[in-house]
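Everything below concerns the one structure shown next.
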Amino acid sequence: MKRRQFLRNTSLFTAGTFFLEGTAFKQLYGFPQVQALAKASKNDRILVILQLHGGNDGLNQTIPINQYAEYYNLRPNIAISDTGSRKYIKLDNTLPDDQQLGVHPDMLPLKQMYDLGKVNIIQNAGYENMNGSHFKGRDIWFGGVGYNDKITSGWIGRFLEMEFEGDGGVNPKFPENFPNADMLDPLGLEFSGGDVSLGFHTEDTIPTAISIPDPASFFDLVTTLPGYDEEILKAIDDRGFPPANLNGSLYANELNWILGIEDGTDDYAKRLQEVYKKGGPTAIDYPSRYPLSAPSGALNNPIANNFKIIAQLIGGGCKTKVYLVRMGGFDTHVNQVERYDNSLGGHAALTYHIFATLKAFQEDLKARGVEGQVVTVTMSEFGRRAKSNASYGSDHGTVAPMYVFGNKINPGVIGKNTNLTKAQASGNLSDAVGDFTDYRTIFNTILQDWFEVEPSKIPIILPNYNASLTVPLFNESLTPLDNFLNERYRLEDVYPNPVIREANFSFYINTASHVKIVLRDLRGNKVATLMNEFRNEGQHTFVADLINLRAGTYVYSLETNQIKTSKKLIKL
């Protein structure tokens with residue numbers, strides 16, 4: 001391919017695209033003030049955003065158990081049942097009544113991660129007077145602004161620009177000397193899906209995209225361009241340069257931008273191939289298909305390969321700070337569910353894809369030893385109305401839950417269940433002040449507590465927002481996780497202890513599980529298995545006859561899928 005043809009495939013207002021394993025990414029490196037990321041960054045932490053295009057129906061994913069009758073009356077033709085084999089899964093028996101949630105039956109992977117202390121569900125996320133337009137709604141979320149504020153750039157772009165250049169910087173010219181030894185990788189990567197998201201735009205940059213007709217051969221294509229690896233000099237390069245008298249003009253800036261992206265693409269393509277190969281393949285099974293009934297278009301998992309590649313890049317040492325994955329299909333006006341079973345259908349399949357993929361992703365990160373570097377968050381431009389329509393679907397709504405994943409977060413649920421009695425005549429959930437968690441509070445918390453951004457910078461990254469407004473999403477100590485697990489999975493003291501003959505054993509489990517209680521001597525040798533069976537959630541007590549056990553000191557252990565814990569027993 002000739003350079004001229006290469007440039008003809010370039011379109012404005014998106015970012016450079018590259019491909020790995022046939023999957024397209026965008027290189028979000030269009031930030032002219034960020035040439036020293038590695039030196040300026042306070043940490044090696046990473047944020048992965050999963051954007052649910054179309055408006056996700058959070059009400060069928062997190063069902064308010066304390067208002068189930070109201071929930072069912074508002075949407076009888078799409079509501080998830082509270083009985084039968086496909087009833088909702090109770091998330092957490094220890095939560096107060098106003099936070100008790102039933103999650104969709106296809107959210108079992110989320111439940112499993114929640115039980116390990118790696119999930120936080122933030123209820124009723126949104127903003128005042130939510131906009132029901134897909135496009136405007138996305139712009140508001142990516143812009144980091146309120147419903148009536150001007151949007152000229154994105155909060156992620158402003159964060160990267162400020163945090164990694166610093167206040168009062170020299171505003172170096174892009175793309176000269178970029179990438180460089182301090183930062184070999186793009187600041188952000190977005191899976192291809194059209195123009196680059198507004199969230200990555202800065203006030204004074206014009207990102208560009210390179211359109212590649214054959215994704216699988218992108219790297220080979222770049223390396224065959226005339227002039228690849230040559231010294232770029234005006235005397236030998238045939239690309240052309242803007243006339244000197246146009247220097248500094250918008251035309252000259254845009255042309256130089258495009259030419260710089262071409263050169264940067266060479267470097268990024270090689271670098272990303274290197275770290276991808278270094279990361280190596282995974283042994284974790286990413287689910288590729290919904291195992292139950294759904295429309296054919298929803299059966300295949302559209303994001304599994306995306307997250308598999310991200311894990312491999314991170315495992316290979318990629319320093320990219322923010323990843324964005326887009327997932328479509330959530331505009332469920334018609335046939336959101338199967339008419340013979342409300343728990344099945346297109347939205348159920350999408351729900352399964354989200355949480356089965358993120359469970360595999362979390363396991364992959366753990367296996368690669370990088371789990372502590374990554375936090376993943378979901379977002380959607382709005383939720384759906386509480387009141388269903390006559391087409392077995394749901395229309396554009398307001399607030400919805402956000403899900404946060406990682407082993408460095410405070411697990412649990414933030415916020416009360418939405419008050420369904422406040423559903424407006426239109427069937428919308430309330431987006432009045434006091435009835436929602438502002439989405440900017442969540443991003444503000446991520447910026448300050450995860451990326452360690454100074455509070456003084458927050459009003460610029462999130463215009464007109466109060467930097468002191470945060471939620472308890474992170475804690476550097478292990479204590480919150482220990483407390484979370486101990487409250488939900490615990491082995492009680494045996495009684496009596498010391499024991500002569502009969503001993504009363506008691507334990508609590510928050511999830512129905514296969515339970516083993518094993519007795520061992522102090523050398524670790526198994527003496528007896530006291531229980532080995534499936535038990536439902538809740539408190540359990542049983543009596544064991546230990547008359548034939550030799551006198552001495554022993555250890556008895558509770559083992560479930562979620563926890564393994566032990567205590568001491570003395571036999572007289």
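Values in this document were obtained by computation on a predicted structure and should not be read as measured data.
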Are the side chains of [Y] and [X] in contact, using a 4.5 Å heavy-atom criterion?
X	Y	value
His396	His134	yes
Leu108	Ile89	yes
Val103	Ile63	no
Gln373	Arg45	no
Thr357	Asn301	yes
Ile122	Val413	no
Thr62	Ile121	yes
Leu52	Ile354	yes

Quick one about [Y] and [X] (side-chain donor to acceptor, distance below 3.5 Å, no hydrogens or angles considered), yes or no?
X	Y	answer
Lys308	Thr282	no
Gln123	Thr437	no
Asn60	His347	no
Thr470	Asn444	no
Gln336	Asp57	yes
Gln562	Ser513	yes
Asp364	Tyr286	yes
Arg385	Ser394	no

Interatomic spacing from [atom1] in [X] to [atom2] in [Y] - rounded to 0.5 Å:
X	Y	atom1	atom2	answer
Thr441	Leu462	OG1	CG	9.0 Å
Asp431	Met130	CG	CE	7.0 Å
Leu189	Cys318	CG	SG	5.5 Å
Tyr403	Leu110	OH	CG	7.0 Å
Thr94	Tyr489	OG1	OH	9.5 Å
Asn510	Leu485	CG	CG	10.5 Å

Ignoring hydrogens and geometry, is there a side-chain-to-backbone donor-acceptor pair from [X] to [Y] under 3.5 Å?
X	Y	result
Asp149	Pro463	no
Arg368	Gly280	yes
Lys321	Ile46	no
Asp449	Phe474	no
Gln362	Met113	no
Asn407	Lys118	no
Arg138	Ser380	no
Arg158	Ser153	yes

Seminar exercise, completed: Checking Trp141, Phe382, Phe142, Tyr147 against Tyr439 for ring-ring contact (aromatic ring centres under 6.0 Å, His included), the one that qualifies is Trp141
Which heavy atom of [X] sits nearest to which heavy atom of [Y], and what is that distance?
X	Y	answer
Leu350	Gly328	CD2-O, 3.8 Å
Ile409	Val119	CD1-C, 3.6 Å
Ser343	Ala348	O-CB, 3.2 Å
Pro295	Gly346	CD-N, 3.5 Å
Lys136	Ile151	NZ-CD1, 4.0 Å
Thr332	Gly329	CG2-O, 3.8 Å

Exercise. Would Gln51 and Leu324 satisfy side chain to side chain contact (heavy atoms under 4.5 Å, CB included), going step by step from the backbone distance to the final call?
Worked result: CA-CA 7 Å; Gln51 183 190 8; Leu324 176 64; 4.1 Å; yes
For this session: Measure up the Phe405 and Phe355 rings against each other and bin them: parallel (under 30°), tilted (30 to 60°), perpendicular (over 60°).
Result: tilted
For this session: Test Asp92 against Gln99 for side chain to side chain contact (heavy atoms under 4.5 Å, CB included), laying out the working first.
Result: CA-CA 9 Å; Asp92 187 347; Gln99 286 187 311; over 6 Å; no
Exercise. After noting the C-alpha distance and the side-chain angles of Ile156 and Ile49, does the key distance pass the side chain to side chain contact (heavy atoms under 4.5 Å, CB included) rule?
Worked result: CA-CA 11 Å; Ile156 306 171; Ile49 301 173; 3.7 Å; yes
For this session: Report yes if the distance between the aromatic ring centroids of Trp155 and Phe443 is under 6.0 Å, otherwise no.
Result: yes
For this session: Establish, yes or no, whether a centroid distance under 6.0 Å links the rings of Tyr290 and Tyr352.
Result: yes
For this session: Please assess Asn300 against Ser288 for the test side-chain hydrogen bond (donor to acceptor under 3.5 Å, both in side chains), listing each intermediate value before the final yes or no.
Result: CA-CA 6 Å; Asn300 292 327; Ser288 61; over 6 Å; no
For this session: Show your working on ring-ring contact (aromatic ring centres under 6.0 Å, His included) between Tyr465 and Tyr127 and close with a plain yes or no.
Result: CA-CA 12 Å; Tyr465 200 69; Tyr127 53 90; over 10 Å; no
Exercise. Step by step, would you call Lys408 with Glu371 a salt bridge (charged side-chain N to carboxylate O under 4.0 Å, His left out)?
Worked result: CA-CA 9 Å; Lys408 295 294 180 66; Glu371 185 180 22; over 6 Å; no
Exercise. Can you check ring-ring contact (aromatic ring centres under 6.0 Å, His included) on Phe159 and Phe451, steps first, answer last?
Worked result: CA-CA 10 Å; Phe159 153 59; Phe451 282 131; 4.9 Å; yes
Problem set entry | Steps toward side chain to side chain contact (heavy atoms under 4.5 Å, CB included) verdict (Asn131, Ile140) | CA-CA 9 Å; Asn131 193 294; Ile140 289 172; 4.0 Å; yes
Problem set entry | NZ/NE/NH1/NH2 to OD/OE distance under 4.0 Å, Lys359 and Glu363 | yes
Exercise. Would you call Arg384 and Asp331 a salt bridge, taking side-chain N to carboxylate O under 4.0 Å as the test?
Worked result: yes
